[in-house]
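Only a predicted model underlies this, so the values are computations on that prediction, with no experimental measurement involved. Below, chain A is the first sequence line, B the second, and so on; all start at residue 1.
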Amino acid sequence: MIPRLESLLPRPAPDGAPRMTPGNPERYVPAEVERKWQERWEAEGTNRFTEAELRSAEAPFFNLMMFPYPSAEGLHVGNIYAYTGADVHGRFHRLAGRDVFEPIGFDAFGIHSENFALKAGIHPMDLIPRNIATFTRQLRRIGGMFDWHHAVDTTTPDYYRWTQWIFLALYHAGLAERVEAPVNWCPSCKTVVANEQVIGGLCERCDTPVGQRRIAQWFFKISRYAERLLSNLDTLDWSEPTKKAQRNWIGRSEGAMIRFPLRESAQGEGPDGAAGEDAIEVFTTRPDTLFGATYMVLAPEHPLVDRVTTPACARAVARYRDTVSRMDLVARKKAGKAKTGVFTGAHCVNPATGAPIPVWIADYVLMEYGTGAIMAVPGHDERDHEFARAFGLPILRVVAPEGEDPGAPLEEAYPGEGTMVNSGRFTGTPTPEGRGAVVSWLSRLRLASPQVNYRLHDWCISRQRYWGPPIPIIHCGACGAVPVPESDLPVVLPRVEDFTPDDSGTSPLARVEAWYRARCPACGGEARRETDVSDTFLDSSWYFLRYPSSHENERPFDPELNRRWLPVDSYIGGQEHNVLHLLYSRFVTMALHDLGHLEFEEPFVRFRAHGLIVREGAKMSKSRGNVIVPDPIIESHGADALRLYLMFLGPYTEGGDYRDQAIQGPFGFLKRLWETVTPVSELGDGPPHPDVERKLHRTIRQVSAQIPELQFNTAVAAMMEYLNAVRRGDRKAARAEVEPLVIMLAPFCPHIAEELWERLGAEGSIFETASWPEFDPEKTIEEEITLAVQINGKLRGRIAVPAGSGEAEALARARKEANVARYLEGAELRRVIHVKDRLLNLVVSVAQERP
RNA sequence: GCCGGGGUGGCGAAAUGGUAAACGCAGGGGACUUAAAAUCCCCCGGGGGCAACCCCUUAUGAGUUCGAGUCUCAUCCCCGGCACCA
């Protein structure tokens, strides 16, 4: 890339000449360098904010990364990868002049630790501190810029006191309610599992098939926020796939509510009950197909089922409902299984046609979505079609795609758009228009209204387990569910030696009478504490709010600190949290905003998901036994080399393949850098060599642009190229050539950068005394560049031209190039395309065959 | 099925519509060494040619363009997520 350099610099030394300067016997020993600087950072508080500094920081930058779940196995390379990328980003901004707050903590409650503790026979209260100690040691060892002074641990009463406080805040705002609901029940974990934690019918944690139970549980009414959670996404600087995943999860759909009046009795010929009390309401996105609704389906659990079922059908209906209720929620919802259902004996009136249509129940209709009832349009909905075929129900065409005969029978459902047919006054209307037209027609008769529905359902936070913060509620026979007064927080989780879950459907805490017996805060009578604990997602939905205020005892967070530090400037984490964690955090933040506790309603200004690390092409997992533990690598090559390698092995947001041998490259780079810079006394004092300088400014330009975009792999490659240029031909480096490189490398390899920076004569940490190098655009310009010459789009030669040469100049030089001339000979030049400083394409018509 | 992300040398990868394979790993050859390690130098997509050079090559097939890894359409395959959501 620096064509002239080789000619100007000393020739390469003859083969085999030792590269190490004789006067420089000191080798790069990462372990020593890293120990020295980690100790110094700690002793001097390099990465720590004092209370006063937090309050007065002028250019605050909150650099957040998803805090770890401290498992017993310790951190693996995948975790290190995530944290290193975030740390590189934070360190860069610090060198660029920001006051970077980079806290870390531990998300240590939850079923995972609890299960491990049960299996290992260690109490979680003993296990977790051990795990945290291991994680802390490992995190320190990789040289993250963490402010340990502000670490949080979600299992400490100091923390979960405020988790409970948030529950109460939402409770008082009417955003928490206790509802009996069918829930997924894992017979192995012996607890309720959230829908989103059931993967393909199996428990996310233990792969046991999940069943169904009805339990009274606490729900947060996140669905009230669906519209805001959706529309705010447009304002966020988040990775697009993450936003898309949230949009899908929220699942907004526009349609209408339509009322189907019930026919009072089968034999009644009288006027079909005008929009009276007895009607079945359905939600549909396709009111334009209303004329094709030939039957209705209620969810088996629908409250109207008992009312409408005729005596003749009662037994079959009861039997069917029983079968369905035995099925777990997930199997129940599994798509693709054969349609089943039974007729209730009742009929409704299609409000568009006035025709009576039968009412069925079937498990393909879900109680939790819409109204739990549908109008079935077998002509234009695949599921309804399949059902109608199975039970011999009429299938009517009411939509015809362009060119289709309105009378053509339907072999399969046609769900697309077209023209309405067989639809009375609407026949001939294009379906997109028809939707609104049908609704406005029926809305005058109070039989329909426009409606928006969301797939997002309320957030169940109850867990019938031990290892979590108790839900701060007291149940009183007289007063009902009474919130624990704020002044009584925290409701401390007692140490219970036997916390094995049982199949009672209640938490192990329900066996600890001394703990759950309480006085009702309202009436003072005998009462009982809520024995369920809350979901781990609640712990992690607000931890970032706590970091700056981690020492605050009187309130969850200090509004003044929040004003300075929040919302979070940069959040980096795994895509496995694209939906739930990020959505719950947004919801809690939004709710706290509405309650006047926060000034912002979106917690994370910028979010980027990092990729996943695989090993030698295979996914890393304990069962495969191919999990990479960082410690031996740090011992052999150093944390800096590991960090650099991880950042180099592929695009950060896409992840990459960890190959054991490949660390040699980055490690060798660090060794060469060390040998290039030390001993400092042998560095040249003059200005940089012009070619090296040009390369330097180009490198600064590239690295400065790419680090904020998390394009670490190419930034590292640029620095490698630059060092290669500095060392080319075994030349001696000048101080001015290496100093900027040391600074640019510092975010990736902070220890060696500190060491070299000190040897270069600085006093104090590079992160406090250095500033990010600037590039001069003037100095990035090459005087002479290589221009590619194409004939008819094929590369036929390269010519050297002065930078900025015009077309005439380029063409003249190209003609002199032998190979180019060969192609021009006897050909007619029809067109010249000249891209300045890049390429010259000569379009010729071939007069004769080339030799 | 739907929604995302991908498919480029032996491998990890790089490339504002403008010189495909930067940077690195592995491999081959060489220097140094009693030897090895370490280090350094050279080579390294496929084919043809003594060479100058030529042909082919970014999953496949079409298209747009002076020019396509990059844009458009269709097809195949891999990874991740969601999945009877009316």
Could you tell me whether a side-chain N or O of A:R698 sits under 3.5 Å from a main-chain N or O of A:T780, the two making a donor and an acceptor? yes
Look at A:R796 and B:C55 and indicate whether a side-chain polar atom (N or O) is within less than 4.0 Å of OP1 or OP2. yes
Do A:R615 side-chain atoms and A:D660 backbone N/O form a donor-acceptor pair below 3.5 Å? no
Check the phosphate of B:A83 against A:N248, side-chain N and O only, distance under 4.0 Å to OP1 or OP2. Yes or no? no
Could you check B:G9 for me: syn (within 90° of 0) or anti? syn
Give a yes or no answer on whether the side chain of A:R830 reaches the backbone of A:V843 with a donor-acceptor pair at less than 3.5 Å. no
Do A:T714 and A:Q706 have side-chain N/O donor and acceptor atoms under 3.5 Å apart? yes
Starting from P on B:A38, measure out to CZ on A:F669 and report it in whole angstrom. 20 Å
Plane angle bin for A:Y414 and A:H380 - parallel if under 30°, tilted between 30 and 60°, otherwise perpendicular: perpendicular
Of A:L795 and A:G372, whose closest RNA chain B nucleotide lies nearer the 5' terminus? A:L795
For B:A52 versus B:C44, give the span between their P atoms, rounded off to a whole number of Å. 13 Å
Check every strand shown and say whether A:V365 touches a base, only sugar-phosphate, or nothing at a heavy-atom separation below 4.0 Å. base
Paired with B:G4: which nucleotide, if any, by Watson-Crick or G-U wobble criteria at under 3.5 Å for both distances? B:C79
Between residues 832-842 of chain A and RNA chain B, which residues have a heavy-atom gap below 4.0 Å? A:I833, A:V835, A:R838, A:L839, A:N841
Let's test this: given Watson-Crick or G-U wobble pairing with both distances under 3.5 Å, identify the partner of B:A51. none
Could you list all N or O pairs between the protein and nucleotides 24-26 of chain B that sit under 3.5 Å apart?
unit_1, atom_1, unit_2, atom_2, d
B:G24, OP1, A:N724, ND2, 3.0

Among residues 711-719 of chain A, which contact RNA chain B at a heavy-atom distance under 4.0 Å? A:N713, A:T714, A:A717
What is the distance, rounded to the nearest whole Å, between atom CZ of A:R252 and atom C1' of B:C3? 19 Å
Pairing donors with acceptors under 3.5 angstrom, does anything connect the side chains of A:D458 and A:S223? yes
Apply side chain to side chain donor-acceptor pair (under 3.5 Å) to A:S704 and list each qualifying residue two or more places apart in sequence or on a separate chain. A:W772
Taking atom types as modelled and ignoring hydrogens, do the side chains of A:Y28 and A:T678 form a donor-acceptor contact shorter than 3.5 angstrom? no
Roughly how many Å apart are B:U57 and B:G48, using the C1' atom of each and rounding to a whole number? 15 Å
B:A21 versus B:G10 - spacing of their P atoms, nearest Å: 15 Å
Value in whole Å for how far the C1' atom of B:A86 lies from CZ of A:F260: 12 Å
Start at the 5' end of RNA chain B and walk down; is the nucleotide closest to A:E654 or to A:G793 reached first? A:E654
What is the pairing partner of B:C40, taking Watson-Crick or G-U wobble pairs with both distances under 3.5 Å in any strand? B:G30
Any strand, both distances under 3.5 Å, Watson-Crick or G-U wobble: B:G61 pairs with B:C73
Nearest atoms (heavy-atom pairs only) where A:L644 meets A:C749: CB-SG, 3.7 Å
Checking side-chain contact (heavy atoms from CB on, under 4.5 Å) against A:F260, which of A:L447, A:V359, A:L290 comes through? A:L290
Between B:A59 and B:U8, how many Å separate the two C1' atoms, rounded to a whole number? 10 Å
Between A:Y584 and A:W459, what is the ring plane arrangement, given parallel below 30°, perpendicular above 60°, and tilted in between? parallel
Residues at least two apart in sequence or cross-chain that pass salt bridge (Lys or Arg N to Asp or Glu O under 4.0 Å) with A:R672, listed by chain then number, are none
Closest to the A:D657 side chain: B:C54, B:C3, B:G12? B:G12
Please measure how far the C1' atom in B:G63 lies from the corresponding atom in B:C54, and state the result in whole Å. 28 Å
Between B:C54, B:C40, B:C66, which nucleotide gets closest to the side-chain atoms of A:R831? B:C66
Can you tell me if A:K671 touches the phosphate of B:A38, counting only side-chain N or O atoms and a distance under 4.0 Å to OP1 or OP2? no
Atom-to-atom span, NZ of A:K695 to P of B:C23 - whole angstrom: 8 Å
Can you identify which nucleotide, out of B:C3, B:G5, B:C82, has its nearest atom closest to the A:R455 side chain? B:C82
side-chain contact (heavy atoms from CB on, under 4.5 Å) test vs A:L741 passes for just one of A:L723, A:T699, A:V726, namely A:L723
Once you apply a heavy-atom cut-off of 4.0 Å, does A:D363 come out as touching a base, just sugar-phosphate, or nothing? base
Give a yes/no answer on whether the side chain of A:Y823 brings an N or O atom under 4.0 Å of OP1 or OP2 in B:C54. yes
What is the distance, rounded to the nearest whole Å, between atom CG of A:L612 and atom P of B:G6? 15 Å
Counting only Watson-Crick or G-U wobble pairs whose two distances fall under 3.5 Å, which nucleotide matches B:C25? B:G10
Does a donor on one side chain and an acceptor on the other come within less than 3.5 Å for A:T676 and A:R727? yes
Which atom names give the shortest non-hydrogen contact between A:R694 and A:I781, and what distance separates them? CD-O, 3.0 Å
Once you round it to whole Å, what is the distance between C1' of B:C23 and CZ of A:F667? 19 Å
Does any nucleotide pair with B:C84 by Watson-Crick or G-U wobble geometry, both distances under 3.5 Å, and what is it? none
Parallel, tilted or perpendicular: which describes the rings of A:F387 and A:W360, with under 30° parallel and over 60° perpendicular? perpendicular
Using the P atom as the point on both nucleotides, what is the distance between B:U70 and B:U65, in whole Å? 16 Å
For B:G47 and B:C11, measure between their P atoms and round to the nearest Å. 15 Å
Got more than 12 heavy atoms from elsewhere within 6.0 Å of CD, A:E412? no
Can you tell me the distance, in whole Å, between the OH atom of A:Y369 and the P atom of B:A83? 14 Å
When you compare B:G45 with B:G9, how far apart are their P atoms, in angstrom units rounded to a whole number? 12 Å
Should B:A15 form a Watson-Crick or G-U wobble pair with both distances under 3.5 Å, which nucleotide is its partner? none
Are any protein N/O atoms closer than 3.5 Å to N/O atoms in nucleotides 56-58 of chain B? If there are, list each pair with its distance.
unit_1, atom_1, unit_2, atom_2, d
B:C56, OP2, A:K794, NZ, 2.9

Let me know the distance between CZ of A:R727 and P of B:U39, rounded to the nearest Å. 11 Å
Applying ring-ring contact (aromatic ring centres under 6.0 Å, His included) between A:Y81 and each of A:Y658, A:F648, A:Y652, A:F712, report the one that passes. A:Y652
